[in-house]
Participant: 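Structure below; questions to follow.
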Amino acid sequence: MGESTALWTLAAPGLAIAERQTPASVLRIRRPDAAVIRALGEAFGLSWPAAPNTVAEGAVRIAWLAPGEWLLFASAEPVGEPVATACEGWLHHLSDVTAGYRLWRIEGPRSRDLLAKGAALDTHPRVFRSGQCAQTLFAKVHALVIPDRSGDAFDLLTDVSFAGHVRAWFIDAAEEFRA
Amino acid sequence: MSGRRLPGGGRIDRNRPLNFTFEGRPYRGYVGDTLASALLAAGVRVVGRSFKYHRPRGLLAAGVEEANALVQVGEGARAEVNLRATEVELHEGLTARAVNCWPSARFDVGAVNNLFGRLLPAGFYYKTFMWPDWRWFEPVIRRAAGLGRPSILPDPDRYETRHAHCDLLVVGSGPAGLAAALAASRRGERVMLVEQDPLPGGSLLWRPAQIDGRSGSDWAERAAAEIAAAPDALVLTRTTAIGYFDHNALALLERVAGAAGSPGPDHRPRQRLWSVRARRVVLAAGALERPLVFPGNDRPGVMLASAVSEYAARWAARAGDEAVVFTNNDSAYAAAHALLDTGGRVAAVVDSRPAPPARRTASLQARGVRTLLGASIVATHGRPALTGVTIRDAEGHDHRVAADVLAMSGGWNPTVHLFSQSGGALVWDGEQALFRPGRSAQAEVSVGAAAGEFGLSTAIEQGWRAGGGEGAPPLADAADERWTIGPLWRVPARGKAFVDFQNDVTADDIALSARENFVSVEHLKRYTTLGMAADQGKTSNVNALAIMAELTGRPIADVGTTRFRPPFTPATFGAIGGRARGELFQPLRRLPAHDRHVQAGAAFEEYGGWLRPAHYPGAGESAHAAEQREALAVRRAVGLFDGSPLGKIDVVGADAAEFLDRIYANTLSTLKVGRARYGLMLNEQGAVIDDGVTVRLAADHFLVGTTGGGADRIAAWLEEWLQCEWPDLDVLVAPVTTAWAVLTLSGPKARDVLDAAGVDMAIGEEDFPHMTFRECRVAGVPARISRVSFTGEVSFEVSVAADRACELWDRLRLAGAPFGLAPVGIEAWMLLRMEMGYLHLGADTDGATTPDDIGWGRVLKRRRDFVGRRSLTRPELLRKDRLQFVGVEAVDSTVPVPVGSHLRSPGLPSGSEGYVTSSGLSPTLGRGVALAMVRAGRSRYGEELLVITGEGRGRRVRVTVPGVRGPGGEPLDG
Amino acid sequence: MERYSAWRLFREALNGHRGWTPAWRSPSPKRRYDAVIIGGGGHGLATAYYLAKNHGMTNVAVVERGWLGGGNTGRNTTIVRSNYYHRESARLYDFSVRLYESLSRELNYNVMFSQRGVITLAHSRHDLEVVARWAGAAQLHGVDAEMVSVDEIKRRIPLLDTSPSARFPVWGGLMQRRGGTARHDAVAWGYARAASRLGVDIIQNCEVTGFSRNERGRVVGVETSLGPIAAGVVGLAVAGHSTVLADLAGFRLPVTSYALQAFVSEPLKPVMDTVMLSLATGAYISQSDKGGLVIGGGLDLYPSYAQRGNLPTAQRVIGALADQMPALGRVRLLRQWAGIVDVVPDSSPILGETPVEGLFINCGWGTGGFKAIPAGGTLLAHHLATGEPHPLAEPFGLRRFATGALIDEAAASGIAH
Amino acid sequence: MLLIPCPWCGPRDEIEFRCGGQSHIQRPEPFDAVSDEAWADYLFTRINPKGVSYERWLHVFGCRQWFNVARDTRTHEIHAVYRMGEPKPDLRGVE
Ligand SMILES: Cc1cc2nc3c(=O)[nH]c(=O)nc-3n(C[C@H](O)[C@H](O)[C@H](O)COP(=O)(O)OP(=O)(O)OC[C@H]3O[C@@H](n4cnc5c(N)ncnc54)[C@H](O)[C@@H]3O)c2cc1C
Ligand SMILES: NC(=O)c1ccc[n+]([C@@H]2O[C@H](COP(=O)([O-])OP(=O)(O)OC[C@H]3O[C@@H](n4cnc5c(N)ncnc54)[C@H](O)[C@@H]3O)[C@@H](O)[C@H]2O)c1
Ligand SMILES: Cc1cc2nc3c(=O)[nH]c(=O)nc-3n(C[C@H](O)[C@H](O)[C@H](O)COP(=O)(O)O)c2cc1C
Ligand SMILES: [Zn+2]
């Protein structure tokens, strides 16, 4: 996700947080069956994350949000066509929500400590690791959390209207790790 | 100051002395001391006054159960009140004083209460102060009650909260808890070990013990270190498990930094509340010793026997020089030995049992201590502190013996608080005279003293097993000794014998309570306030209920305990709330063009969770003036309003139209593609819950518009109906509200501004009429425009991707400048719609308003079902005299009638016939305009009503159709 | 049974307080009573008292499953006020407040009714408008209610952060001076004692487990853990357990039971003299005569009979207060508990007839029925004794759910933008 | 503090959920054949059991799905969760 420049960053010992815009679309399919899932996987060159709370990574990163609902880390334009083709004959809808979200990259050995201040989600590597994702209540707002392969990095997606709040929360929460 | 600090030993650092003051006098202690141990070592005997009688009190205990030594530490904003001196870690410069006494603990004016003590039995206030009225007495009683006086300055410190998960949470780091945590951490489990004390070890810190060939405290230190070093284990000291909630959720309070009453340490929190979810819990919280109930048992110098031992061993503080021990069980013998070991004298051991185990008495007799069996203490002497006791021997003869410390033990109570909070039931163990955990209700096991097992080996073994330990547990080198008790619940002798030291409840009060039929323990508690003080009866509850059992001839098991409730020990509000302060308490949403509004000088207010411009006051301009100016700009030129919070939900699918017909009270299926329609949604009770403009983008695609506050709620509402009621409908719901910004141009010059900004389509009235919708580009930005109006003026609601809001804002302002464009806040916007008579949901309606009430009865003529449909034909909703939405105009002046004013026909004597729901000063007309809900209002146009409440009382208004006309009678939007 | 007075207290003091007699008798149940009241909470006990006092019916029993006053009456935050929005409610609750004003003397038991004033805070323009409408309505119903300014609020509640930068800025408020608090246990005990003195049998540890009916289906008695008791009429006042008893009698109610959380701080010297409620956070707080800050504000929003404390609610309510009253950061919470309240869709009580003949009900007070105890008792007693609903109770019958004539206090406060 | 096993997301804290009350309630239809009483029952009357309660929950701060929970209102113990539209599980023995 590192391609865009950060809108805002924060660094503390053992902790780095960066706020970024991210291309994002939500794909909804009504009652998808195995065939659509397969078609989508083929279209995107990955194993489509049909299981709850999983993530697949190919050219596009795709996260399960709900039954029949996925977040594609891409704007609607580039994925519109493959989606339409794969979902041919199924009721589906693709919303471009690029402007509706903010992505927060949290890295460093303190990242779990930081998350634990904001969410009741268990982020221990034994139960929450790369390939998984979870939506939860974080800092009192809805968030999608995706652990990174590296072990102590996480991506968080929150609604853009809460960006000011989430930023303020991070500044406050990181205070403890300042030195 | 007597030299009560022992020459050696103790876990204090004699190289690091600390200065502190108590009640204004300077003292010295050492690093490792608590305020209590330092005071004891300094020979301070009176540390506080009791709650009701203001009797002088000394230290009773050494730990969390301390009932007497309540102190205030620090002054000003960081002052803390009602702290137990036994838990206050000493630090340089600490200042402390006793609470609830004046001028000092030694000389307390309130002690006159003690003289009138007879007039103040339990519940005396229920029997008097009724005449002439309670309010004459209440202030005096209130001032007398209460313990500390808290600061009213804002607390300057930080508090944090955090969540945690683990396989095993161990509460208590005594031998049992350490064994459990050690076992589990060796298995690689995620372990949390929490200990309220600054040091791990529990009783090993002061009880002599040998484990695996080391001294108990060494073993504890090593075990704790090993656990802490395990990769997935966490050892938290200074951390109290305060609550055990459902599904193995526990709350811990960690004292992170900043000693009591002193400045917090920079960036670190003072305290942290942990909210832990544990797969399994081991409760190894130990046991608390019970006092004995006998006359004068509250005199300073009377202490729990275990406390006497603990002060000596852990802090090298000897409680007295000449001791008497009074017990009904074996454990106090250890205290006698401890006193002897540390150079004290033991004048006598008084054991109420006629025949305690011979080896106990023999071991003391061997050291020259007199033991009186079947005896008890019937009085204590000394003022203010103990100088002697009267012992009544087995034959009934009284002997006075000099003593400056009386070490008492009435037996032990397993610390079952958390177990009981977890839902587990307690069982009465008659042999050991205690309540112990029975069957667990959650994934929990109690071990060691907390389970009523007082042997060291047993404690370790139980802990080890509970932690899943494989192989042999750590080995205690002495075999467990049997421990026996012969209950003595109260010494039958005259005089005030205290049961609850903190709330001054005596054995006589319990008798009174029984006499008056307050025999249930819960009644006893509430009638006498026993167990309701800051210590929650840690030392008093079991004694009390046993006395009640004796008095009423019931088995103790039947009497039962009062309920154990969180927190185990008091927890600061700060820690419970954590950092959720100010804006972090409840998040606010910001508009995509928030920064632009700031630049434009907006005054922000919260509207439905969003921070939005109320108005944009210029330099020196009042809020009212700004709002008037902005509204005029819309009427005369053009305004720019940020409506981004308006909900936007895509509804697609073959059944989309059918679905919306079921959801909306009016018909959506007949809407033509590209056109917009206003719609109302009801709940099943028929009340209007949201309104908005919906456009049809394609035959099977609608864009549903909701109110700003309704965006999330309505998206969830649609999902709920689809998922739960109509799963067969071929529909998808896609909320996209915040991906879009909505900037609305409104006013006679709106079209000009849009033109000037550049739009790639024809926007003339014919090309792009009212209530239609187009996709286009505005100033090069891809946009969707709706021709809807909330002001009555020509309006273009321009939606663009939220991340382009600022760009569009800038372009429109630039293009609008020559036309007099002004940013418009919510308040002016409201004024404009009020002038037009447009309804604003939530202002003009409440949670019971129906479509017909607001003049939308027409839409109900349909024959088909929709959400709320059936409710509308219930008799009450068909009444003709319901409140109906109308306009009202003042007939007597141009001043607006305040919102909320009630109205009534001048002919009616009483009651309300409605009220003003929206009101403001119309800058166009120069007079007030208002909307109202009026009984049968639509049939009363032209009728005059009286304003009967509020500032406008006595004024007259006329009922009109909603919305006002221009000076010539033409509609304002003409 | 002796009369309580300062003089009597003095005399007893000389005698070591040995002369006091039971506050109420605990007889074994008789075979039959003219009226049996199920539930020894405030409402049940008051009903029995008023049956005896107002209607001369003394062959009456109150049967209580546990210890009397151990339900919500013994665990509520004790706020008493009558500044309600709807006329029906205002009349009902104000009737109650008026009874409270003379209750201690009437019962010869000090219930410590403390009319220290209740302030409801408005935190926005919208709140202020709602409050204005509400104050006006209350005034029209003859209830004292007035708008108070921020300055006045600050003066009365110095702990409160009234600065404009507060998360929930204070725009003003609504005050009822006659509102306040009362000592909850004393209300139960006072009624019990007074009723017992008039001949009512108070039977604790006696759970009603069923109803006996005659061939016409009319209730003619109750089955209890102490055996059957015949009854002329039966009154039901069991708060959170209303549906359990209704089930036993064979009908259903529009009631859901929820745990309402409450909190008390350590005892403090007086720091606030008024009762405060916040419209924005829902938290309410007052200081008890003993010095504890008594706090409420949160239901666990799922059905429960468990009376358990819950952490998220504590964090929300206590956190709100730590934010709104920043000095409380260092004050410590002493205890948290919960009561099971009977919540009705329109948040108004259900009073009067049930579908079962001979069985009358008083329930649905939800989070606010302590203040209504004197009224609730009077009205149920009236119905039981006369067979007719008291005029004040009439609008609160079960029928309103079918006709739609709800008395919705919550709806009257409006919805957000 | 409940730990609720969402059928999709697994066990999560109660703060992520909202309880929607009694489940398996039939919406009476057609509207013009429903009596005021039957409608009032649908709107308001609830079983409110002291014991196992079959209720709907929404995973608000998660997958936003509604599902059913069989939960004991005395102990808060959760006996079963099952998806919308699925029949009540057989809980004889625990009820
Ligand atoms: C935390 C909390 C705070 C509150 N705060 C306020 C407030 O500030 N102001 C206010 O006005 N109100 C408040 N309330 C509401 C108020 O407490 C109640 O509305 C009121 O006490 C109800 O009284 P009651 O007599 O109807 O019920 P209860 O006092 O609950 O009495 C009902 C009795 O029925 C008994 N019972 C149940 N089943 C049976 C059976 N089968 N057989 C025999 N007996 C049975 C119960 O044991 C109980 O004792 C609060 C409630 C709670 C829980
Ligand atoms: N009658 C007797 O002779 C008697 C009585 C009591 C204890 N003992 C001895 O004490 C030992 C018992 O060991 P144990 O491990 O069971 O108990 P322990 O007393 O050694 O340890 C209990 C620990 O739990 C901590 N604790 C209690 N509640 C807590 C909470 N809520 N949060 C955090 N920490 C909390 C205490 O501070 C203490 O450190 C045995 O050696 C036994 O022989 C003997
Ligand atoms: C108004 C009021 C004040 C209270 N004050 C105290 C108090 O000062 N100390 C205390 O321990 N409990 C206090 N309580 C709480 C009771 O101890 C008890 O928790 C409550 O009545 C619920 O009962 P339970 O915990 O036994 O279930 C108070 C309760 C109320 C309603
Ligand atoms: Zn889920």
Side-chain angles (χ1 to χ4, degrees), chain A residues 12 21 24-31 66-69 75 90-102 112-128 139-142 158-169 171-179, chain B residues 158 160-166 190 232 249 256 266-269 272 274-275 277 578-592 594 609-611 644-645 650-655 700-701 712 727 729-741 800-805:
Chain A
Q21 279 196 308
S25 309
V26 176
L27 171 63
R28 290 180 173 80
I29 310 177
R30 185 163 183 274
R31 306 225 179 119
E69 194 178 315
S75 58
W90 286 87
L91 173 57
H92 69 281
H93 182 74
L94 186 67
S95 314
D96 191 322
V97 289
T98 301
Y101 286 104
R102 277 296 151 78
R112 277 193 184 78
D113 291 331
L114 185 81
L115 288 178
K117 290 189 182 193
L121 189 72
D122 189 355
T123 58
H124 191 277
R126 257 187 238 166
V127 294
F128 193 56
K140 306 202 171 195
V141 304
H142 192 131
T158 62
D159 194 286
V160 68
S161 63
F162 287 122
H165 162 77
V166 173
R167 216 176 287 146
W169 189 91
I171 293 171
D172 186 82
E175 176 79 7
E176 180 184 7
F177 308 128
R178 212 162 28 100
Chain B
R158 279 177 76 82
E160 301 263 4
T161 53
R162 68 168 285 174
H163 298 271
H165 303 259
C166 60
R190 295 167 68 187
D232 268 321
V256 182
D266 50 67
H267 56 280
R268 280 196 301 157
R272 185 195 323 272
W274 294 72
S275 160
R277 187 76 71 173
R579 291 304 300 158
R581 298 282 190 92
E583 254 209 73
L584 301 181
F585 178 75
Q586 193 172 298
L588 284 167
R589 293 172 174 250
R590 283 179 175 70
L591 298 167
H594 182 80
W610 287 83
L611 208 52
S644 302
D650 281 302
V651 176
V652 300
D655 293 329
D700 60 353
H701 188 173
D712 289 348
L729 286 184
D730 203 21
V731 174
L732 288 172
V733 171
V736 291
T737 302
T738 52
W740 293 88
V800 297
D803 53 0
R804 303 195 74 173

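All values reported here derive from a predicted model rather than from experimental measurement. Residue numbers start from 1 in every chain, and the chains themselves are labelled A, B, ... in the order their sequence lines are given, proteins ahead of strands.
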Participant: Using a 3.5 Å distance criterion without hydrogens, assess whether the side chain of A:Ser95 forms a donor-acceptor pair with backbone atoms of A:Ser25.
Facilitator: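 Here the side-chain-to-backbone pair does not exist.
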Participant: So does B:Asp712 pair up with B:Arg589, basic N to acidic O under 4.0 Å?
Facilitator: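 A salt bridge links B:Asp712 with B:Arg589.
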Participant: So for B:Leu584, is it side chain, backbone, both, or neither that comes closer than 4.5 Å to the heavy atoms of chain A?
Facilitator: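 Answer is both: backbone and side chain atoms of B:Leu584 are under 4.5 Å from chain A.
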Participant: Ion pair present between A:Lys117 and A:Glu176, side-chain N to carboxylate O less than 4.0 angstrom?
Facilitator: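 Yes.
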Participant: Looking at residues at least two apart in the chain, or sitting in another chain, which of them share a ring pair (Phe, Tyr, Trp, His ring centres under 6.0 Å) with A:Phe128?
Facilitator: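 Not a single residue meets the ring pair (Phe, Tyr, Trp, His ring centres under 6.0 Å) criterion with A:Phe128.
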Participant: Between B:Asp650 and chain A, with a heavy-atom cut-off of 4.5 Å, which part of the residue counts as in contact: side chain, backbone, both or neither?
Facilitator: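 Contact with chain A: side chain only.
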Participant: Using non-hydrogen atoms only, which part of A:Asp122 is less than 4.5 Å away from chain B: side chain, backbone, both, or neither?
Facilitator: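 Both parts, backbone and side chain.
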Participant: Identify which of A:His92, A:Glu69, A:Lys140 forms the greatest number of heavy-atom pairs closer than 4.5 Å to chain B.
Facilitator: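 Ranked by contacts with chain B, first place is A:Lys140.
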Participant: Ion pair present between B:Arg162 and B:Glu160, side-chain N to carboxylate O less than 4.0 angstrom?
Facilitator: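 Not counted as a salt bridge, because no side-chain N and carboxylate O are separated by less than 4.0 Å.
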Participant: So which of B:Leu732, B:Val733, B:Asp803 has the largest heavy-atom pair count under 4.5 angstrom toward chain A?
Facilitator: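 Of the options given, most contacts go to B:Leu732.
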Participant: Grab the two heavy atoms, one from A:Ala12 and one from A:Phe177, that are nearest each other, plus how far apart they are.
Facilitator: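 Result for this residue pair: CB-O, 4.1 Å.
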Participant: Name the option with the most non-hydrogen atom pairs under 4.5 Å to chain A; the candidates are B:Val736, B:Leu611, B:Leu729, B:Asp700.
Facilitator: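 It is B:Leu729.
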Participant: Please report the shortest heavy-atom distance between A:Ala99 and A:Val160, naming the atom on each side.
Facilitator: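 Answer, listing the atom of A:Ala99 first, then A:Val160: O-CG1, 3.4 Å.
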Participant: Is B:His701 in contact with chain A via its backbone, its side chain, both, or neither, using a 4.5 Å heavy-atom distance?
Facilitator: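 Side chain only.
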Participant: B:Trp610 versus chain A, heavy atoms under 4.5 Å apart: side chain, backbone, both or neither?
Facilitator: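 For B:Trp610, side-chain heavy atoms alone lie under 4.5 Å from chain A.
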Participant: Select, from B:Gly609, B:Ala734, B:Pro645, B:Pro592, the one with the greatest count of heavy-atom pairs under 4.5 Å involving chain A.
Facilitator: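 With the most close heavy-atom pairs to chain A, the winner is B:Ala734.
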Participant: Any non-hydrogen side-chain atom of A:Arg31 less than 4.5 Å from a side-chain atom of B:Pro727?
Facilitator: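 Of all side-chain heavy-atom pairs linking B:Pro727 with A:Arg31, at least one is under 4.5 Å.
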Participant: Could you look at B:Pro587 and say if it's the side chain, the backbone, both or neither that has a heavy atom under 4.5 Å from chain A?
Facilitator: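 Both the backbone and the side chain of B:Pro587 come within 4.5 Å of chain A.
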Participant: Counting C-beta onward and ignoring hydrogens, is there a side-chain heavy-atom pair between B:Pro269 and B:Arg579 closer than 4.5 Å?
Facilitator: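 B:Pro269 does not reach B:Arg579 side chain to side chain.
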Participant: Where on A:Leu115 is there a heavy atom nearer than 4.5 Å to chain B: the side chain, the backbone, both, or neither?
Facilitator: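 Interface part for A:Leu115: neither.
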Participant: Nearest 0.5 angstrom please: A:Tyr101 OH to A:Asp159 CG, how far?
Facilitator: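 Result: 6.5 Å between the selected atoms.
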Participant: With only heavy atoms counted, which part of B:Arg277 is less than 4.5 Å from chain A, the side chain, the backbone, both or neither?
Facilitator: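 Neither; nothing under 4.5 Å.
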Participant: Is it the backbone or the side chain of A:Val26 that comes under 4.5 Å from a heavy atom of chain B, or both, or neither?
Facilitator: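 For A:Val26, there is no contact with chain B at all, as no heavy atom is under 4.5 Å.
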Participant: Can you tell which part of A:Ala119 gets under 4.5 Å to a heavy atom of chain B, answering side chain, backbone, both or neither?
Facilitator: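 Only the backbone of A:Ala119 comes within 4.5 Å of chain B.
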Participant: At a 4.5 Å cut-off on heavy atoms, which part of B:Ala164 comes close to chain A: side chain, backbone, both, or neither?
Facilitator: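 It is neither, since no heavy atom gets under 4.5 Å.
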Participant: Which bit of B:Asp232 comes within less than 4.5 Å of chain A, counting heavy atoms only: side chain, backbone, both or neither?
Facilitator: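 Contact with chain A is through the side chain of B:Asp232 alone.
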Participant: Please classify the contact between A:Asp113 and chain B as side chain, backbone, both or neither, with a heavy-atom cut-off of under 4.5 Å.
Facilitator: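 Answer is both: backbone and side chain atoms of A:Asp113 are under 4.5 Å from chain B.
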Participant: Can you tell me which of B:Asp730, B:Val731, B:Leu588, B:Val652 forms the most heavy-atom pairs within a distance under 4.5 Å of chain A?
Facilitator: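 Among B:Asp730, B:Val731, B:Leu588, B:Val652, the one with the most close pairs to chain A is B:Asp730.
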Participant: Does A:His124 form a side-chain contact (heavy atoms from CB on, under 4.5 Å) with B:His165? I'd like the steps, not just the answer.
Facilitator: CA-CA 8 Å; A:His124 191 277; B:His165 303 259; over 6 Å; no
